[in-house]
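These notes are about the structure you will find just below.
Whatever order the structure lists ligands and atoms in, that order sets their numbers, starting from 1.
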Amino acid sequence: MWKEGCIALNAIILDAPGQLRLLQTEQPQAPGSGEALVRIRQVGVCGTDIHAFRGEQPFFSYPRILGHELGVEIVALGARESHLRVGMRCAVLPYLQCGRCPACRRGKPNCCVNLKVLGVHVDGGMREYALVPTSHLHPSETLTFEQLALVEPLGIGSHAVSRGQLDPGERVLVIGAGPIGLAVTQFALLAGAHVFVMDISPSRLAFCQQMHPQATCIDGQQEPLAALQALVGDDLPTAVFDATGNPVSMKSAFQYVAYGGRLIFVGLFQGDISFHDPYFHSHELTILSSRNSTAEDFRHIIHYLETKQIHLDSWITHQTSSETMIEEFPHWFDRDSNIIKGLISF
Ligand SMILES: [Zn+2]
Ligand SMILES: [Zn+2]
C-alpha cells in the first residue's frame, strides 16, 4: 500500500541507445486535483520502444523512462474525482494533449499540435508508480492488467479502422500481420468487412490465420498482386491498410486499391512516399493517415474485451519482470524470437 514518505522505488531508465538501467526514483508526490497516483502493473513493449532502445526513434531525447502500453491500479486520487476510486484497474490513454491548439479545439486530441506521449516525449510507465491525469484513465471491473496494457496497441488498429469508415461486407486488405496489422484485422472484421491479410512472413500469417480464421491470408513474398487477383479478380479491395511502416510496402500498396478506394497508412517511417500522380488521379484514390487513438477508441476496446468479442491470450508471447527485463529485452526483437507482444510486470 502506498503512503507518503515510503522508500525509493524502482524504475527502468534508458540512459542512451542500448543502455537500460534499473534506478531508484524519488517517492511520488500525492496526486493533485485531476490527477491519480497509479501503481503500474504491466507494461507492453512495441516497435517504438525498440526503436528508442536502438537509437532509431526520431525526435527522441535521452534519458527517458519508456512505457506507453500500461495496465495500472489506482492507489490515490486527487480532489473531486467522482467516476474513479482507489483500487480500480485501468488502461491509460498515453497521449497528453494540450487542450488549446486548433486540433484539440476541433476534437482531434490524438493529433494535438503539442502532443506529448508518455514514454516517448515525457517519462512513461516502466516504473512502479506514476502520476497520471484522471481524464486519461479507463477503468474496467473485469479485465486483467495484461489485457489493459494491450488496449493501447489495439487502439492503433481501432482508430485506423474508424478512419477507414468501413461498410459491412466491404472488401479490405491489411498489409502487415504484426500486432498493429492484427489489430486492424480484428476491428475490420468487427466492422463486418471481408478481410484479406498480406505479409511476407509465413509464421506471422500462420498466427494471423489462427487468430482470425475468417480472414483470408495472402503470401506477400511472390507476386502478391497476382495472388490477390486470383482471389478477387479485378474487383480489388476498396480499403487498403498498410501496417508495415515499410516504405517499399507503402509505395507498392497503391496498386492493390480499387478505383475510388481508400489507402490508409497506419505505420510510418522517416522519409518521403512518392506516387505517380496520373495513377492516383485516374483511380480517384483517397490517402489517409491514422495517428494514435482516442478515448472513444479505448472505451470501445474495453467493451469488446469485457464482452469477449476480442481475445488476446495468444498475443502475449513474451513476459518478464522489472528485475529481469534489462537482460531479456534486447533479445525479444532478435529475428528468431517470433515475438507478437512482450509484457513487463512491475
Ligand atoms: Zn506501442
Ligand atoms: Zn492540442
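Under 2.8 Å from the Zn ion (ligand 1), one finds the following protein N/O/S atoms: C46 SG, H68 NE2, E69 OE2. The Zn ion (ligand 2) has C98 SG, C101 SG, C104 SG, C112 SG as its protein N, O or S neighbours under 2.8 Å.
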Derivation of the side chain to side chain donor-acceptor pair (under 3.5 Å) call for E296 and T294: CA-CA 5 Å; E296 194 185 0; T294 62; 4.7 Å; no
Could you walk me through whether E146 and R89 pass salt bridge (Lys or Arg N to Asp or Glu O under 4.0 Å), step by step? CA-CA 11 Å; E146 285 89 346; R89 290 187 295 248; over 6 Å; no
Using atom types as modelled, flag every donor-acceptor pair under 3.5 Å from a side chain in residues 48-56 to any protein atom, sequence neighbours excluded.
unit_1	atom_1	unit_2	atom_2	d
D49	OD2	C46	N	2.9
H51	ND1	E56	OE1	3.1

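Using a 30° and 60° split on the angle between ring planes, H318 and W332 fall in the perpendicular class, above 60°.
A distance-only check finds a donor-acceptor pair linking the side chain of R163 to the backbone of S289 [under 3.5 Å]. The backbone N or O of V45 sits less than 3.5 Å from a side-chain atom of K341, completing a donor-acceptor pair.
Applying the side-chain hydrogen bond (donor to acceptor under 3.5 Å, both in side chains) rule to pairs touching residues 173-189 yields nothing, sequence neighbours excluded.
Taking a cutoff of 4.0 Å between a charged side-chain nitrogen and a carboxylate oxygen, E306 and R299 do not qualify as a salt bridge.
Side-chain contact check for S274 and D272: no donor-acceptor pair (N or O, by modelled atom type) lies under 3.5 Å.
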